[in-house]
J.: 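Below you will find the structure I want to go over with you.
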Amino acid sequence: MRVDIISIFPDYFTPLDLSLIGKARTSGLLDLVVHDLRTWTSDVHRTVDDTPYGGGPGMVMRPEPWSQALDAVGPGTLIVPSPVGKPFTQADAHELAAAEHLIFACGRYEGIDQRVIDDAAGRMPVREVSLGDYVLFGGEVAVIVIMEAVTRLLPGVLGNADSLTEESHAAGLLEAPVYTKPASWRGRDVPEILRSGDHGRIARWRRDQSLLRTAERRPDMFAAYPPAQLDRADRRA
Ligand SMILES: COc1ccc2nc(C(=O)O)sc2c1
């Protein structure tokens, strides 16, 4: 997968040199290039913003540097993190993991001139996405989150692909609690069933815990869970 990230703060992305994303880059599974938007400015001050038409606080990112940057690195699937974007979900991560070329545009200030996004949409798929109902300083942190969510789904990046099937949101439910040694810790014991060796009962316990946790913590997810995927034992949980 090829990924281009465009930002006025390219140093924000040094974490993408680390851990499994860093390994994916060195192994060639991920071809990631981070660009400084100011590369595509032409004035001595390398200006990327200007005052908003219609007045109002703050500054807006000018269209010219962005249009030249996107012309240089595109076309691809353009992702623009934004407070007005569609909530980003695990399903979106799976869709983006299937793309050949992702381009991330990191907004700052009050955002990017809307014409940049409208113009790009005439040449490539564009997704404006939000991480949640809160506002960040800019798109950079959202891109790091999305890059983690997407890259870990790429074949060969995670050592054990089985992790992807049991984890939260993978099957539309929250995962069961996990435990490791010691069996007793500060007077708290690991649930006996997990030490029973009875894999059938362990699987049932985990499924029940997953259903209960989802019902308690994410009733929205629980309500959306397809009834057809609930078996008879589930209905007793
Ligand atoms: C100006 O660019 C921004 C500003 C805030 C912001 N907040 C996001 C979020 O997903 O919460 S993405 C994003 C982009």
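We count ligands from 1, going down the list as the structure has it; atoms in each ligand are counted the same way.
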J.: Would a 4.5 Å heavy-atom cut-off, applied to side chains only, mark Asp119 and Leu70 as touching?
T.: no

J.: Using a plain distance cutoff, I'd like to know if Tyr109 has any nitrogen or oxygen under 3.5 Å from a nitrogen or oxygen of ligand 1.
T.: no

J.: Does any N or O of ligand 1 fall below 3.5 Å from an N or O anywhere on Leu136, backbone included?
T.: yes

J.: Do me a favour and list the nearest non-hydrogen protein atom to atom 11 (O) of ligand 1 with residue, atom name and distance?
T.: Tyr134 O, 2.9 Å

J.: A quick test of your reading: do over 12 heavy atoms of other residues, nucleotides or ligands sit less than 6.0 Å from CD of Glu100?
T.: no

J.: May I ask you to test the Gln68-Asp71 pair for a side-chain heavy-atom distance under 4.5 Å?
T.: no

J.: Should the proximity of Phe88 to ligand 1, defined as any heavy atom under 4.0 Å, be assigned to the side chain, the backbone, both, or neither?
T.: neither

J.: To the nearest 0.1 Å, how far is atom 12 (S) of ligand 1 from its closest protein heavy atom, and which atom is that?
T.: Ser82 N, 3.4 Å

J.: With nothing but distance in play, are any N or O atoms of Gly107 less than 3.5 Å from an N or O of ligand 1?
T.: yes

J.: Can you tell whether the side chains of Arg127 and Asp92 come within less than 4.0 Å, N to carboxylate O?
T.: yes

J.: I'd like to check which ligand 1 atoms, numbered from 1 as shown, lie under 4.0 Å from a non-hydrogen atom of Pro83.
T.: 5 (C), 6 (C), 7 (N), 13 (C), 14 (C)

J.: For ligand 1, is there an N or O atom under 3.5 Å from any N or O atom of Leu131?
T.: yes

J.: Give every residue pair that meets the ring-ring contact (aromatic ring centres under 6.0 Å, His included) criterion with at least one member in residues 19-70, sequence neighbours excluded.
T.: His35-Trp40

J.: In terms of side-chain geometry, is the basic nitrogen of Arg213 or Asp208 positioned less than 4.0 Å from the acidic oxygen of its partner?
T.: no

J.: Could you list the atoms of ligand 1 found under 4.0 angstrom from a heavy atom of Arg108?
T.: 1 (C), 2 (O)

J.: When you look at CZ of Arg206, are more than 12 heavy atoms from neighbouring residues, nucleotides or ligands closer to it than 6.0 Å?
T.: no

